[in-house]
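For reference, the structure discussed in these notes is given below.
Per chain, numbering begins at 1; letters A, B, ... match sequence-line order.
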Amino acid sequence: MDPLEHPREEFRKIVEQVAHGLGLGETPEVEKTARFGYFSAKFHKYRVHPAKLREVVEAVGDLRYLDKLSVDGLYLNADLNAERLAEAVFKAVSQMSTRYGYTDQCRVGSFLVEHTSANPVHPLHIGHGRNAILGDSLVRLLKFCNNKVEVHFYIDDCGVQVMYAAIGLDAVREEAAMWRSKPDLVIGDIYTAVNAIAEINKLKSELSKTVDEARQREIIAEMDEWVSVLNRIERDFVNKLVETLGRENLVEKAAELNKRYEMGDVEVRESVRRVVELVLRGQRETLARLGVEIDFWDYESEITVWSSEASRYVRKLVDKWPQYVEHKGGAVVFRADKFAEDFKLTDVLNLPKFIPPVTLMRSDGTTLYVTRDVAYALWQWRRGFDRVVRVISTEQTHEQAHVRIILYALGYEEAARKIVHYAYEMVKLPGAKMSARRGQYISLDEILDEASERSASLIKEKNPEVAGVIAEKVAVGAVRYAYLSTSPKKPIEFKWDTVLNMRQNSGPFLQYTYVRAYSILEKSPKYDFVVPNQMLPEERELLVKVAEWPSTVREAVLSLRPDYVAEYLDGLALLFNSYYEKAPVLKADEPTRSFRLALVNSVKTVLESGFYILGIPILTKM
RNA sequence: GGGCCCGUAGCUCAGCCCGGAUAGAGCGGCGGCCUUCUAAGCCGUAGGUCGUGGGUUCAAAUCCCAUCGGGCCCGCCA
């Protein structure tokens with residue numbers, strides 16, 4: 001039920017009638033206008049005379065859902081009939097309750113959504129936060145609209161980086177009992193340390209072979225950098241790691257382990273699985289804190305490597321398109337660039353205009369990330385959903401294009417078109433890119449803790465008895481909203497002030513607004529849905545905003561933009577707070593009192609569904 | 001060098017797809033409002049060559065071209 005449906009339809013018919021009356025071959029579109037009523041249509045491009053337009057408009061009969069039909073220059077404007085609108089809103093809200101906002105048009109199909117998919121060697125950091133929250137809100141939005149959704153997290157438990165973590169953990173496992181921190185935080189440090197040691201070892205051996213002085217200085221500077229990475233890690237085990245691994249050629253060792261791993265060596269599998277599980281335990285905990293739910297945890301190793309899916313399709317590709325395959329020293333390279341050009345795939349698959357060739361097999365016979373990703377994409381597609389949405393940062397634009405091209409080349413043309421790369425821009429630290437390898441990141445837990453503390457100190461002044469329970473929920477609201485209040489297409493420079501913002505345009509601001517509405521209704525749970533014949537301008541405005549909820553949801557789901565919901569809710573909250581200050585509800589006389597209660601209830605209902613979509617916890621006290 | 005994305009108030013951003021009526025919010029400034037439904041709030045006020053140049057059009061923040069600035073990518077990394 002969409003309260004704006006009837007008025008929109010009425011206006012559309014009027015425009016149609018007017019267009020016909022003017023002898024136009026087509027009907028102008030119905031548009032929204034902020035200052036000249038509510039709906040508008042423009043006739044400029046038809047070169048009609050304003051007087052003629054006015055004449056035709058005068059012939060229009062009585063209005064039912066609209067009000068004040070008027071002509072202004074070549075604009076045809078109409079306002080909403082507030083009383084009718086109020087009736088429609090109240091009816092929809094009382095019948096649908098927190099389902100209000102749903103319309104059949106926002107039911108668009110079934111979706112497999114893959115998001116977050118962080119490497120299992122370090123904790124989730126503020127970059128993954130964007131992915132997780134964007135993905136999760138998208139899932140919630142789709143679910144709110146009754147679409148079938150399955151949520152997947154791809155565990156990238158293959159490749160050299162996992163070997164590094166495993167090597168490190170194996171070296172310091174005896175110290176494991178001493179761990180007091182979350183396991184993912186510990187492994188993250190181990191991973192960074194092993195990386196640093198590997199780099200230092202590599203540079204050392206390069207230095208011993210270098211005679212060029214300038215190059216020597218470069219190497220030393222680089223080594224210093226990695227040493228300082230090591231020094232920044234405040235863990236007892238760093239010394240032990242250096243002692244154990246300081247003389248080894250870790251690059252070679254990791255490559256060797258990786259090869260054994262892909263071939264299914266039991267010992268290596270166990271050691272990798274051990275480290276991966278520890279990290280996942282921590283990552284799951286963080287996601288749970290944020291209210292993010294995952295249905296399936298997909299192990300890359302099992303789905304793509306040990307099942308032989310990856311090598312199987314590579315063989316198929318080589319057989320099918322030998323003219324696009326090059327063999328370079330045993331490595332297999334697919335000329336995705338030439339293939340895309342020859343088959344004119346740029347528009348069909350929505351590809352960038354530049355595509356590099358892609359290596360699918362190393363000369364040692366092991367797979368690469370993209371190799372496995374194609375196999376995984378295929379696996380996802382075979383689960384039988386209308387669309388597969390992969391929430392992955394824009395960094396991977398080319399890699400994701402490769403996946404689509406290869407699927408197409410393999411004959412999975414529909415899959416290639418229906419697997420979408422849902423790209424979002426990066427989260428940067430001020431002045432630097434985040435890098436788990438360099439231990440340069442802020443973990444999600446950290447910002448949640450900090451937000452929680454800040455919120456606790458705010459609550460202590462007002463409601464000390466509930467501070468503990470509320471602080472964390474406020475923190476989640478703040479962090480989730482902070483991510484959603486920026487378009488996914490814009491890079492974010494991480495700033496504590498934004499995440500910890502608890503004033504307007506923030507999660508806590510929305511939560512606070514809800515608390516206000518809730519506490520009014522709590523004091524007077526019974527009322528009738530009455531529509532007065534006089535309304536305050538603020539009441540009208542608020543009513544219109546509430547009526548726009550279903551169209552907002554629709555737009556958000558059609559364009560897959562949960563951030564539209566965040567923007568809408570902020571606007572709704574601003575209107576409501578303004579109204580709250582101006583118009584007393586409980587102290588008003590009947591029937592105004594009942595009307596206001598019904599209005600407040602509508603706002604509260606919309607906030608509840610909106611909170612569900614954005615994953616903002618609902619609070620009744622703050 | 002090539003590709004993708006982004007340049008709108010001091011700051012963060014919406015609007016651009018689908019061109020039209022005085023370009024919208026919030027933060028921060030400044031000035032106000034708590035014996036009255038929770039002040040994490042509200043009211044008022046100042047603040048803008050919509051990066052720049054050209055083109056299309058009766059009409060451009062919006063479309064096209066060029067140019068400048070920022071981010072990311074162009075690996076036998078993931």
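- Mapped onto RNA chain B by nearest heavy atom, A:Asn77 and A:Thr359 fall at different nucleotides, with A:Asn77 at the one closer to the 5' end.
- Among the atoms of the strands shown, none is found under 4.0 Å from any heavy atom of A:Thr346.
- If you check the side chains of A:Glu548 and A:Tyr568, you find no donor sitting under 3.5 Å from an acceptor.
- Looking at residues two or more places apart in sequence or on another chain, you find no salt bridge (charged side-chain N to carboxylate O under 4.0 Å, His left out) involving A:Lys259.
- A:Glu541 and A:Tyr579 are not linked by any side-chain donor-acceptor pair at a separation below 3.5 angstrom, with hydrogens and angles left out of the test.
- Aromatic pair A:Tyr376/A:Tyr154: ring centres closer than 6.0 Å.
- Summarising the geometry, the separation between CD on A:Glu31 and P on B:G15 is reported as 16 Å, rounded to the nearest angstrom.
- Among the protein residues, A:Ala118 comes within range of no part of the nucleic acid, since none of its heavy atoms lies under 4.0 Å from any strand.
- Contact between the side-chain N/O atoms of A:Lys353 and the OP1/OP2 oxygens of B:C4 is found at a separation under 4.0 Å.
- Residue contacts shown for A:Leu574 are limited to sugar-phosphate atoms, with no base heavy atom under 4.0 Å away.
- As judged by a 4.0 angstrom heavy-atom cut-off over every strand, A:Gly73 is placed among residues making no nucleic acid contact.
- Counting non-hydrogen atoms under 4.0 angstrom, A:Pro584 reaches a base of the nucleic acid.
- Looking at residues two or more places apart in sequence or on another chain, you find no side chain to side chain contact (heavy atoms under 4.5 Å, CB included) involving A:Ala255.
- In this structure, A:Lys523 does not reach the B:C37 phosphate: none of its side-chain N or O atoms is under 4.0 Å from OP1 or OP2.
- Using a 4.0 Å heavy-atom distance criterion, A:Lys428 is classed as a sugar-phosphate-only contact.
- Here A:Arg437 does not reach the OP1 or OP2 of B:C77: none of its side-chain N or O atoms lies under 4.0 Å away.
- The residue A:Gln511 sits apart from the nucleic acid: no heavy atom pair falls under 4.0 Å.
- A salt bridge is absent between A:Arg130 and A:Glu425: the closest approach of a Lys/Arg side-chain nitrogen to an acidic carboxylate oxygen does not fall below 4.0 angstrom.
- Residue A:Asp497 is out of contact with every strand shown, counting any heavy-atom pair closer than 4.0 Å.
- Heavy-atom distances to RNA chain B give each of A:Glu29 and A:Lys433 a nearest nucleotide, and the one nearer the 5′ end belongs to A:Glu29.
- Taking each heavy atom of A:Arg593 and A:Val585 in turn, the nearest pair found is CG-O, 3.4 Å.
- One finds no side-chain N or O of A:Arg503 lying less than 4.0 angstrom from the OP1 or OP2 phosphate oxygen of B:C27.
- Heavy atoms of A:Lys587 sit under 4.0 angstrom from primed sugar atoms or phosphate atoms, though from no base atom.
- The side chain of A:Thr394 places no N or O atom within less than 4.0 Å of a non-bridging phosphate oxygen (OP1 or OP2) of B:C72.
- A side-chain N or O of A:Glu262 and one of A:Thr367 form a donor-acceptor pair less than 3.5 Å apart.
- Nucleic acid contact for A:Phe509: sugar-phosphate only, since backbone atoms but no base atoms lie under 4.0 Å from a heavy atom of the residue.
- When rounded to the nearest whole Å, the span between OH of A:Tyr579 and P of B:C43 equals 14 Å.
- Residue A:Val474 is classed as a base contact, given a heavy-atom separation below 4.0 Å to a base.
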Given the rule that a pair is Watson-Crick or G-U wobble with both distances under 3.5 Å, how would you write RNA chain B in dot-bracket, using | for pairs to a different strand? (((((((..((((......[...)))).(((((.......))))).....(((((..]....))))))))))))....
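- Residue A:Arg516 has no polar side-chain atom (N or O) positioned under 4.0 Å from OP1 or OP2 of B:A40.
- Summarising the geometry, the separation between CD on A:Gln396 and C1' on B:G3 is reported as 16 Å, rounded to the nearest angstrom.
- A side-chain donor-acceptor contact under 3.5 Å links A:Thr513 and A:Asn577.
- For B:C30, the base is anti relative to its sugar; the glycosidic angle deviates from 0 by more than 90°.
- Nucleotides B:C72 and B:G29 place their P atoms 31 Å apart, quoted to the nearest Å.
- Under the side chain to side chain contact (heavy atoms under 4.5 Å, CB included) criterion, A:Val279 pairs with A:Asp184, A:Ile187, A:Gln283, sequence neighbours left out.
- Spacing between atom CG of A:Asp570 and atom P of B:G26 amounts to 8 Å, rounded to whole angstrom units.
- A:Leu458 comes within contact range of at least one nucleobase, with a heavy-atom separation under 4.0 Å.
- For the residue pair A:Tyr481 and A:Asn505, a side-chain donor N or O sits within less than 3.5 Å of a side-chain acceptor on the partner.
- Relative to the ring axis of A:Tyr324, A:Arg335 does not place its NZ or CZ within 45° and under 6.0 Å from the centre.
- Judged by distance alone, the side chains of A:Ser393 and A:Gln396 never bring a donor and an acceptor atom under 3.5 Å apart.
- Using a 4.0 Å heavy-atom cutoff across all strands shown, A:Ser40 reaches at least one base atom of the nucleic acid.
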Between N or O atoms, less than 3.5 Å apart, protein on one side and nucleotides 57-67 of chain B on the other: list the pairs.
none

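- Closest to the A:Ile459 side chain, of the nucleotides B:A25, B:C72, B:A40, is B:A40.
- Nucleic acid contact for A:Asn258: none, since no nucleic acid atom lies under 4.0 Å from a heavy atom of the residue.
- The existence of a salt bridge linking A:Lys353 and A:Glu341 is excluded, since no basic side-chain nitrogen approaches an acidic carboxylate oxygen closer than 4.0 Å.
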Can you check nucleotides 10-14 of chain B for protein contacts, nitrogen or oxygen pairs under 3.5 Å, and list what you find?
| residue | atom | partner | partner atom | Å |
| --- | --- | --- | --- | --- |
| B:A14 | OP2 | A:Lys490 | NZ | 2.3 |
| B:A14 | O2' | A:Glu567 | OE1 | 3.3 |
| B:A14 | O2' | A:Glu567 | OE2 | 2.6 |

